[in-house]
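Provided herewith is a single structure, encoded as C-alpha cells, for subsequent inquiry.
Residue numbers count from 1 along this sequence.
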Amino acid sequence: MKQGRELPRLLVALVGGGAGSVIGSSHRLAMRLTERFDLVAGAFDVDAARGREFARSLHISEDRIYGNVESLIAAERKRPDPVDLVCVLTPNHTHFGIAKPLVEAGFNVMCEKPLTTRSEDAVTLADLVARKGTLFAMMYGYTGYPMVRHARDLIRSGRIGRIRLIHSEFSLGTPSTLQEDPQGHWRTKPGLSGESAVIGMVGTHALHLSTFVTGLELKEVSADCRTYVEGRLLEDNANMLLRFSEGATGMMWNSYVAAGTENGLRVRIYGETGGLEWNHVRPNELDLLTPGKPRQILTLASREPVPGMQGVSIAAVQPEGFVEAFANVYRDVADAIEARSRGDSCSAFPDITDGALGVRFVSAAIRSSRDNARWTRL
C-alpha cells in the first residue's frame, strides 16, 4: 500500500493493451474507475517503438516504458517501488510465455482469458502459482455485474432450491465475425487463438458465468462444433450438452455466426423451486421465476438486501455497464492484494483455477466434437 495519497493506490503495469486495443482501453478505464490503481509502467506493444509512443500518450515515465516483458521484470524487480500487479492483455498464444516468468519473478498477475492455449501449460502455470504463492487473477469481467452477483447470492441462500438445469449462450453475428479476414484474424487462426475460436473466446465466459453463479463444477461435455464461414480454419459455432456436479445438466451455445447479434451473453438457471434468468442486453435486471407467480424483475434499486452485494460502482438508480463490471473485478483484486499485505487471505475474484478450468473445457469440447460429440470428461 502506497503512502502519501488521499486513497491507497496500487501500481500497475500492462503487457499488451496498446494503441488500437479495445480490451486495453476497457482495463485502463476500469482501473481508473476503482480509484485504487495507478498505471505507471508497461510493455504495450510487440513493436517496441509503437509501444513507447503509446506509453508517452498515457504520460508513463520514460524509465518505466519497456520493450518487452523481460526488460519489465528485470527493471521493476530492482526498483524500490515495483508494480503491485501486471496485466497480460496479449493474444491467447502468448499468455503462457508472458505469465510464467512474471509468476517466477514473484509478480501478481491479471490475465485475459483464455489462460493458455494448451491444457498442459495451464496445469504448469497453476502449479507454479501455488508454489510461488502469488496472486493470479483472470478477467472474467461479466461476473462483475451486480445482478450476476445477486443471482449467486440468491442461489446460495436457497431461493430457487437445488439446481437442476443450467442453460447458457454467448453469440455474436457482427460484420467482423460473419466473414473471415483474408489475412486470418488472430482470434480465428490456429496457433494464435489456440485449438478453438468461439469456445475459447466466448465459451469460456459463458462457462465461468455458469459456475460462478451456481457454485457447481463442470464434469463432462458433449460438443458439436462447426465452421460455417468459408476460409475460416477454426470453429465458429458450437452446440454443447453439459453435465455438472450434484446431478445438474445444461446446454451451451456459442457462435460467431448468429447474424445480427451483437453481444448475446445469457444464462438461465432452474432449481427445484424456481428459476433465475440474466441477459447481458439488460444487465441491470435479474428475472426471478416462481411457479404460480408472475415473473419478478429485480433491479439494482429494488433488489432484496443480500449479504455480499458490495462493489457497486455507482448509484443504484443509474445503469451499470461493461467497464463498471470490469472495475468491480479490479476492486476485488485490489482488496485481495491489500489483504495479503496484511497477512490475511482473500479469494473473491476469478483466479488461476478458473482460468485452468476454461482451458480444460475448451480442450474437452474440441476432443468431443472430433469424436462425433462423444461425452468427454474434463
What about Phe349 and Val213, same hydrophobic cluster or not, with Ile/Leu/Val/Met/Phe/Trp/Tyr joined at side-chain heavy-atom distances under 4.5 Å? yes
Over all heavy atoms of both residues, which pair between Ala41 and Ile60 is shortest? Give the atoms and the distance, please. CA-CG2, 4.0 Å
Working to the nearest 0.5 Å, report the span between OG1 of Thr227 and OH of Tyr256. 12.0 Å
Would you call Asp47-Arg52 a salt bridge at under 4.0 Å N-O? no
Which residue, Asn372, Asp371, Leu242, Leu241, forms the side-chain contact (heavy atoms from CB on, under 4.5 Å) with Ser222? Leu241
Report the relative orientation of the aromatic rings in His27 and Tyr330; use parallel for angles under 30°, tilted for 30 to 60°, perpendicular for over 60°. perpendicular
For Glu277 and Tyr270, does a side-chain donor sit closer than 3.5 Å to a side-chain acceptor? yes
Salt bridge present between Glu195 and Arg118 (N-O < 4.0 angstrom): no
Only pairs at least two apart or in different chains count here, so list each ring pair (Phe, Tyr, Trp, His ring centres under 6.0 Å) that has a residue in residues 201-225. Tyr140-His205, Tyr140-His208, Tyr142-His205, His208-Phe212
Geometric cation-pi criterion Arg243 and Trp375, 6.0 Å radius, 45° cone: yes
Apply side chain to side chain donor-acceptor pair (under 3.5 Å) to residues Glu76 and Tyr66 and explain how you reach the verdict. CA-CA 10 Å; Glu76 289 294 321; Tyr66 304 109; 2.7 Å; yes
Tell me yes or no: between the side chains of Asp127 and Thr124, is some donor less than 3.5 Å from an acceptor? no
State whether Asp335 and Arg340 are salt-bridged, where the test is any N-O pair (Lys NZ or Arg NE/NH1/NH2 against Asp/Glu carboxylate O) under 4.0 Å. no
Separation between CZ (Arg268) and CG (Leu289), nearest 0.5 Å, reads 10.0 Å
Salt-bridge test for Glu180 and Arg232: reply yes if a basic N is under 4.0 Å from a carboxylate O, no otherwise. yes
Looking at Asp45 and Arg50, would you say the former's side chain and the latter's main chain have a donor-acceptor pair under 3.5 Å? no
Please report, to 0.1 Å, the donor-acceptor pairs under 3.5 Å made by any side chain of residues 11-26, with sequence neighbours excluded.
unit_1: Ser21; atom_1: OG; unit_2: Gly24; atom_2: N; d: 2.9
unit_1: Ser25; atom_1: OG; unit_2: Val22; atom_2: O; d: 2.7
unit_1: Ser26; atom_1: OG; unit_2: Val22; atom_2: O; d: 3.3

Under 3.5 Å, is there a donor on one side chain and an acceptor on the other for Thr376 and Glu220? no
Are the charged groups of Arg282 and Glu285 less than 4.0 angstrom apart, N to O? yes
With clusters defined by side-chain heavy atoms of hydrophobic residues (ILVMFWY) lying less than 4.5 Å apart, directly or transitively, does Leu165 cluster with Trp253? no
Please enumerate all residues that pass side chain to side chain donor-acceptor pair (under 3.5 Å) together with Arg377, with sequence neighbours excluded. none
Yes or no on side chain to side chain donor-acceptor pair (under 3.5 Å) for Ser255 and Asn237, after CA distance, side-chain angles and deciding distance? CA-CA 4 Å; Ser255 186; Asn237 194 85; 2.8 Å; yes
Arg56 with Glu62: basic N within carboxylate O range, under 4.0 Å: yes
